[in-house]
**Q** 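Before I ask anything, here is the structure I am working with.
For reference, positions follow the sequence shown, starting with 1. Source: prediction; values computed, not measured.
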Amino acid sequence: MADDAVLLSDITAEAARLSEAAVAQRIPLRLMGGLAVWLRAPSVRQPPFARHYADMDFAARSSAGNKVRAFFESHGYVPEKLFNALHGAQRLNYAAPDGRWTIDVILDELAMSHRLDLRDRLTSPEPTIPLADLLLTKLQIWEINSKDLGDAACLLADHPLGESELETIDLGRLRDVLGADWGLCHTVQRNLKKVSELWQERGVIGARFDVIAQIDALQAAIDAAPKSLAWKARARVGERVRWYETPEEVRH
């Protein structure tokens, strides 16, 4: 651990500091999770969606693993040596020296209810993974809770749909990912309906964008997206066969 490393007292400020440092050092490491939404979507900072954050989540490229390890240790974080030795090919864990919070780093892909390849999504000038990927990390959760629904809603409230990664939710990325994987597409579309219901029940007054209209446009774009042969074959099977993984299956 670096002797002169000083962690900021507020986890949101510390997440911003670390993610901006990763960009400055050109390390393929970007913030994801709730704090990434906090950084990119101001609506999540106010009622009814404001909340406390207990940890940070990052995505990194495994080929830069040594740089990632050196980065966190140089910033004062303590590696969980046993966990990293056992799981270091897929994930790395770190903790603040005083235990205030922890950091979870996934390498190359997010593997939860579905798998999302992020290895080529970690070099943008933004401190987080791109907005479309950030939205997908929330909407891919099969047993989604109100916190993640709120995060998805706030991303849609604060950013337009578009055809670029910078400051828009990139429809091209969403079409490519969802048009290749029926299971992920099905979960995302189900969850978008839940986001719509949540926003109608308790949305942020004066949001920059109409979330319901955003969802309608996004659903239409997904429906119109070209679908792979594998997508079409799996769609014929439908819900007769489970299309998502459980946390227990992912851990094993």
Side-chain angles (χ1 to χ4, degrees), residues 12 31-53 57 110 112-114 116 118 121 124 126 128-227 231 235 238-239 243-244:
T12 58
L31 189 66
M32 57 182 287
L35 281 165
V37 177
W38 186 93
L39 201 61
R40 303 296 298 276
S43 290
V44 86
R45 305 176 193 176
Q46 57 184 297
F49 300 112
R51 67 178 189 274
H52 170 73
Y53 298 91
D57 297 287
L110 175 68
M112 291 179 63
S113 300
H114 301 276
L116 180 64
L118 295 170
R121 312 292 294 167
S124 79
E126 300 292 350
T128 71
I129 61 174
L131 292 168
D133 295 279
L134 191 51
L135 183 63
L136 285 172
T137 64
K138 296 296 179 178
L139 296 177
Q140 61 80 38
I141 303 169
W142 172 244
E143 295 181 337
I144 194 167
N145 58 32
S146 60
K147 175 188 69 177
D148 293 310
L149 288 170
D151 282 349
C154 290
L155 286 169
L156 290 164
D158 293 340
H159 294 280
L161 304 177
E163 300 291 344
S164 167
E165 287 185 11
L166 297 178
E167 293 306 323
T168 70
I169 298 170
D170 185 0
L171 287 172
R173 169 65 170 170
L174 295 174
R175 286 192 294 264
D176 288 346
V177 171
L178 300 179
D181 185 337
W182 178 85
L184 175 56
C185 183
H186 190 55
T187 296
V188 164
Q189 291 195 292
R190 287 173 64 115
N191 283 338
L192 281 170
K193 293 178 182 178
K194 294 179 181 180
V195 173
S196 179
E197 292 167 359
L198 176 69
W199 191 262
Q200 291 179 71
E201 178 184 317
R202 52 187 183 101
V204 174
I205 296 174
R208 184 182 175 196
F209 294 97
D210 181 340
V211 171
I212 306 306
Q214 292 265 82
I215 290 172
D216 289 345
L218 182 50
Q219 292 276 29
I222 295 170
D223 288 339
K227 308 298 193 297
W231 190 103
E239 292 189 359
W243 63 97
Y244 57 89

**Q** Taking Asp170's backbone N and O only, do any of them form a donor-acceptor pair with Glu165's side chain (distance below 3.5 Å, no angle check)?
**A**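 Side chain of Glu165 to backbone of Asp170: no pair is present.
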**Q** Minimum heavy-atom separation for Val195 and Ala152, please, with both atom names.
**A**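 Looking at all heavy atoms of both residues, the shortest contact is CG2-CB, 4.0 Å.
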**Q** To the nearest 0.5 Å, tell me how far Leu149 CG sits from Cys154 SG.
**A**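 Those atoms lie 11.0 Å apart.
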**Q** Rounded to the nearest 0.5 Å, what separates atom CG in Leu116 from atom CD in Gln140?
**A**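 One finds 7.5 Å between CG of Leu116 and CD of Gln140.
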**Q** Can you spot which of Val44, Asp151, Thr128 makes a side-chain contact (heavy atoms from CB on, under 4.5 Å) with Trp38?
**A**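 Answer to the side-chain contact (heavy atoms from CB on, under 4.5 Å) test with Trp38 among Val44, Asp151, Thr128: Val44.
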**Q** Which heavy atom of Thr168 sits nearest a heavy atom of Leu131, and at what distance?
**A**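 Nearest heavy atoms, Thr168 then Leu131: O-CD1, 3.6 Å.
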**Q** Any idea how Trp199 and Phe49 line up, ring-wise: parallel (<30°), tilted (30 to 60°), or perpendicular (>60°)?
**A**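 The arrangement is parallel - the two ring planes meet at less than 30°.
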**Q** Any heavy-atom pair between the side chains of Val204 and Pro48 that's under 4.5 Å?
**A**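 Yes, side chains in contact.
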**Q** Which residues pass the salt bridge (Lys or Arg N to Asp or Glu O under 4.0 Å) test with Arg202, not counting sequence neighbours?
**A**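 Not a single residue meets the salt bridge (Lys or Arg N to Asp or Glu O under 4.0 Å) criterion with Arg202.
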**Q** Strictly distance-based, threshold 3.5 Å: is any side-chain N or O of Thr187 a donor or acceptor partner for the main-chain N or O of Leu184?
**A**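 Looks like no, no N/O pair under 3.5 Å.
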**Q** Should we say atom CD of Glu239 is surrounded by more than 12 heavy atoms from elsewhere, each under 6.0 Å from it?
**A**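 It does: Glu239 CD has more than 12 such atoms within range.
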**Q** Return the orientation label for the Trp182 and Trp231 ring planes: parallel under 30°, perpendicular over 60°, tilted otherwise.
**A**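 Perpendicular: the ring planes of Trp182 and Trp231 meet at over 60°.
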**Q** Would Arg208 and Asp158 count as a salt bridge (Lys or Arg N to Asp or Glu O under 4.0 Å) if you check the C-alpha gap in whole Å, the side-chain angles of each, and the deciding distance to 0.1 Å?
**A** CA-CA 5 Å; Arg208 184 182 175 196; Asp158 293 340; over 6 Å; no
**Q** Is there a donor-acceptor contact under 3.5 Å from the side chain of His114 to the main chain of Asp181?
**A**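 Checking the backbone N and O of Asp181 against the side chain of His114, no donor-acceptor pair under 3.5 Å is found.
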**Q** How many angstroms lie between OG in Ser43 and CG in Leu156, if you round to the nearest 0.5 Å?
**A**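 Taking OG in Ser43 and CG in Leu156, the distance rounds to 10.5 Å.
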**Q** Would you say the side-chain atoms of Gln214 pair up with the backbone N or O of Ala153, donor to acceptor, closer than 3.5 Å?
**A**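 No, the answer is negative, given that no donor and acceptor are paired below the 3.5 Å cut-off.
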**Q** Tell me the closest heavy-atom pair linking Ile144 and Ile141, and the distance in Å.
**A**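 Heavy atoms of Ile144 and Ile141 come nearest at CB-O, 3.5 Å.
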**Q** Between Ile129 and Arg40, what is the shortest heavy-atom contact and its length?
**A**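 Shortest heavy-atom separation between Ile129 and Arg40 comes out as O-NH1, 4.0 Å.
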**Q** Just verifying a value: how many Å separate Thr137 OG1 and Asp57 CG, rounded to the nearest 0.5 Å?
**A**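 Atom-to-atom, Thr137:OG1 and Asp57:CG are 9.0 Å apart.
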**Q** In Å and rounded to the nearest 0.5 Å, what is the CZ to CG distance from Arg173 to Leu178?
**A**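 One gets 9.5 Å once the value is rounded to the nearest 0.5 Å.
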**Q** To the nearest 0.5 Å, how far apart are CG in Leu136 and CE in Met32?
**A**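 One finds 11.0 Å between CG of Leu136 and CE of Met32.
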**Q** Show me the donor-acceptor pairs within less than 3.5 Å that the side chains of residues 215-225 make with the rest of the protein, sequence neighbours left out.
**A**
unit_1	atom_1	unit_2	atom_2	d
Gln219	OE1	Gln189	NE2	2.9
Gln219	NE2	Gln189	O	3.3
Asp223	OD1	Gln189	NE2	3.1

